[in-house]
There are 2 protein chains.
Amino acid sequence: MRELVKSMDVGGNGGHAALVQLQAYLAQMDHTGETRLPAERELCESLGVSRGDLRKALAVLEKDGRIWRHVGKGTFVGSGPIEETIGISEIAGRTNPADVMRARLIIEPEIAREAALHATLSDIAAMRQSLVQTREAATWRQYENVDNLLHRQIAQASRNNVLLGLFDVLNAVRRTVVWGRLRSEGARPPADHHSFADHERIVEAIAERDLGGAAAAMRLHLQQVGRRLIPLHEAAE
Amino acid sequence: MRELVKSMDVGGNGGHAALVQLQAYLAQMDHTGETRLPAERELCESLGVSRGDLRKALAVLEKDGRIWRHVGKGTFVGSGPIEETIGISEIAGRTNPADVMRARLIIEPEIAREAALHATLSDIAAMRQSLVQTREAATWRQYENVDNLLHRQIAQASRNNVLLGLFDVLNAVRRTVVWGRLRSEGARPPADHHSFADHERIVEAIAERDLGGAAAAMRLHLQQVGRRLIPLHEAAE
DNA sequence: TTTTGTAACCAATATGGTATTGGTTAAGCC
DNA sequence: GGCTTAACCAATACCATATTGGTTACAAAA
């Protein structure tokens, strides 16, 4: 312990005393469940050390990974700041439609495979109902809504809320990145639109518990969607 | 159009006029890029209709999916409210360690495959440096920090910010779910810890552009980690 | 001179009061 | 009955203020 302190370049003796007091304070606080410790200005007075020494001790513990600090929030025990929320626009701002499509191509077939393994009968029934609704859609907007629902139902059928959450994130990023890209309003999807057959193949494979078939069908479907999307993207540049 | 209005149960004639005026307003606003429309109290006066009629017309457009509203925020044109942030705790609260592990097994091998395809030389150099640091870690805490860094470097090497973002979400969920589970403090990772060899195989496969090898090595590594984690989980129940 | 303690300041965040907004209800008026 | 208006509610936005970790300057002490 003493060697550690020496090696850490902690100035004089006062710094050492502050570190010992702090470690005692942490040990006492560890079994209370509370993770946030008092403000530096209070703590240094409470421990009877100067704020500079306290900060040196805190820096040691932070480098060791026992605490983490952030301006305006405070000092906390734990390995690091657990991000409580992820900003969709932060992801969407640093990417492009091609990367989104590639991510979908990587994630969604595996989700479909998992769905084929865990889908319940009611899951499958709900998907089949969505299949009918996609064909009945009167406008492109309605079609997109039902299409979104169907893909999410597949993710939900994986019965894995982590996968479902990741799908939701990916979906939100996609809607942010591609927002306002295709504006082919007015018409409705043609009756021979490739997605109809694609969707049916996916749902059928899931219903038959064909893991590889579901993944392959989803991959094929996304590749078809990608082919229709890339030309628009290149034409815009 | 007129039939639509009739079928939508929009009371008397005043409601129809409000709908027409609103549609005109939307069309005029559509090509300005602005998505938020004025507050109801202003808009109803601007259009010269009562607030009740305006709200009926807004309800029709909302049911049609052309606008969406939220208390305190306003009314916006578009299919739906794009979730700007995803709460990690929302996902973590509805799941369990097993699902997190399964999601990692599905996602991370594919990320490793992508990394083998797109990693730059500096990416690989950084990974190798992390490999050394994992062996030098003096405590389990330090080891975990470097291990986290290495896995994130692999995701970063995919050169796909969407995949990187999804990895960050998954990682945050994992750290929330497993928080405080393993408390084997004090010791340091043994020299023959399986992860050392696992990590080296993964990085080597990426460096050699062996797509399948990278994915397989990552899958094997995570399966090993899972085997060490499940017993702890079952023992707790 | 070097080190330590103190105070002051900065940028980021938290906090609380106020204003705004969609949603709802009730009364008055055709 | 329908229609209008007004008032109220809960959720959100907005803004000023307080708090916090991070930094610097300067005097006191060694």
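We name chains A, B, ... by the order of the sequence lines, and we start the count at 1 in each one. None of the values given here were measured: they were computed from a predicted structure.
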Distance-only donor-acceptor hits, side chain of residues 69-78 of chain A, under 3.5 Å, sequence neighbours excluded:
residue  : atom : partner  : partner atom : Å
Arg69(A) : NE   : Glu62(A) : OE1          : 3.4
Arg69(A) : NH2  : Glu62(A) : OE1          : 3.0

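Counting to the nearest Å, the P atom of dG23(C) and the CZ atom of Arg51(B) are 9 Å from each other. Summarising the geometry, the separation between CD1 on Ile67(A) and C1' on dG21(D) is reported as 11 Å, rounded to the nearest angstrom. Spacing between atom CH2 of Trp68(A) and atom P of dG21(D) amounts to 11 Å, rounded to whole angstrom units. Rounded to an integer number of Å, the gap from Arg55(B) CZ to dT24(C) C1' is 8 Å. Rounded to whole Å, atom C1' of dT24(C) lies 15 Å from atom CG of Leu54(B). Rounded to whole Å, atom P of dG22(C) lies 18 Å from atom NZ of Lys56(B).
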Just the table, please: protein N/O against nucleotides 18-20 of chain D N/O, every pair under 3.5 Å.
residue : atom : partner  : partner atom : Å
dT20(D) : O2   : Gly72(A) : N            : 3.1

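Nearest to the side-chain atoms of Ser50(B) among the listed nucleotides dT4(C), dT4(D), dG23(C) stands dT4(D).
Surrounding CZ of Arg135(B) are more than 12 heavy atoms belonging to other residues, nucleotides or ligands, all under 6.0 Å away.
The shortest side-chain heavy-atom distance between His199(B) and Ser195(B) falls under the 4.5 Å cut-off.
Between Arg69(A) and dG22(D) there is a side-chain polar atom (N or O) within less than 4.0 angstrom of OP1 or OP2.
For the side chain to side chain contact (heavy atoms under 4.5 Å, CB included) test with Val162(A), the passing option among Val177(B), Leu170(B), Ile106(B) is Leu170(B); the others fail.
For residues 156-168 of chain A, the pairs satisfying salt bridge (Lys or Arg N to Asp or Glu O under 4.0 Å) are Asp123(A)-Arg159(A), Arg152(A)-Asp168(A), with sequence neighbours left out.
When ring centroids are compared, Phe167(A) and His151(A) stay outside the 6.0 Å threshold.
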